[in-house]
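Have a look at the structure below, then the notes.
Numbering of ligands and ligand atoms starts at 1, following listing order. Position 1 is the first residue of the sequence; numbering continues from there. Since the model is a prediction, treat every value here as computed from it, not as a measurement.
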Amino acid sequence: MLKLSQYGDVIRIDSARTLAGRGYYWSTAYWVDGLLIDTGCAHSAKELVDALDGKKLQSIANTHTHEDHIGANGELQEKRKGLEILAHSMALPVLENPSGAQPFQLYRRVMWGRPKPSKGKSVKDGEVIKTVQYSFKVIYTPGHSPDHICLYEQEQGWLFTGDLFVGGKDRALRKGYNIWQIIVSLKKVIGLPLSVMYPGSAQVRDNPKEALENKIQYLEETGERVIEMRKKGMSVKAIVREVFGGQMLIEFMTLGHFTRSNLVRSYLSPKNLL
Ligand SMILES: [Zn+2]
């Protein structure tokens, strides 16, 4: 299922798996002036190809390689010969082998589907992707994944955050995310002059500074609490209960891959402490 909405020259494309006529596990891509930022989930890949039929498509930029952001890469590259897919250098092996180069548990296949392989071209931090009307600066923002980038249109003050900024108060995390690195990356983008923030899985924000400040403050305060409790000798399990409360639906749905204890462990992991 696709849902399109327009913000001036930016088209927001929400994609989801359709079950009994309803959409589930939404993720967001954006089309602006021929640049497609992310491609949604594999379950809606064909719909996205059809929706873009006859529309200018100069290139794709992937913010990162999680399956809900690269789902239609393969189909689009098949349909439009020579279509360039731009991503961080660490993303390229994953694009070529999306379900082999990263753990691809059952819930990920069920929720978002298995993306087809695609061929990417690397872009570096600071590089600029130009369309006819706009220029998008690549900002390397690891933490949510090691290959994560944001795109920044300086003249307009637009920031396309991928999953660096996720709405709400995080209470669970997947293994492999680095929460301290996420905070550093959030601090990197909050220093930019911003007017609108276009996230990969949350509402478009016309108060980006405030939203980013609130997120950083929440994550830092939570991290400080977690570390304090650990210093007092509390177990991960006890910290989880104290800080994040009872069990979450997502923990069941992801068969224990997306959990409160992963978030606590990410705060406490010595290799994550910067
Ligand atoms: Zn992601």
Quiz prompt | Fellow cluster residues of Ile70, listed by chain then number, with links counted only when side-chain atoms sit under 4.5 Å apart | solution =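 ILVMFWY cluster around Ile70 also holds Leu2, Leu4, Ile11, Ile13, Trp31, Leu36, Leu48, Val49, Leu52, Leu57, Ile60, Leu76, Leu83, Ile85, Leu92, Leu95.
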Practice problem: Identify whether NZ of Lys or CZ of Arg in Lys3 sits under 6.0 Å from the centre of the six-membered ring of Trp26 and within 45° of that ring's axis. | Solution: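 That pair qualifies as a cation-pi contact.
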What N/O/S atom of [X] gets nearest to the Zn ion (ligand 1)?
| X | answer |
| --- | --- |
| His66 | ND1 |
| His144 | NE2 |
| Asp163 | OD2 |
| His64 | NE2 |

Quiz prompt | Side-chain donor-acceptor contact under 3.5 Å, Gln217 with Glu221 | solution =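 Present: a donor and an acceptor within the cut-off.
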Quiz item: Taking 2.8 Å as the cut-off, does an N/O/S atom of Asp68 lie below it from the Zn ion (ligand 1)?
Solution: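 No, since none of the N, O or S atoms of Asp68 sits under 2.8 Å from the Zn ion (ligand 1).
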Self-check item: Selection residues 233-248 - residue pairs positive for side-chain hydrogen bond (donor to acceptor under 3.5 Å, both in side chains), sequence neighbours left out
Solution: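 Passing the test, one end in residues 233-248: no pairs.
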Self-check item: Single hit among Phe165, Tyr152, Phe160 for ring-ring contact (aromatic ring centres under 6.0 Å, His included) with Tyr198
Solution: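 It is Phe160, the one option of Phe165, Tyr152, Phe160 that forms the ring-ring contact (aromatic ring centres under 6.0 Å, His included) with Tyr198.
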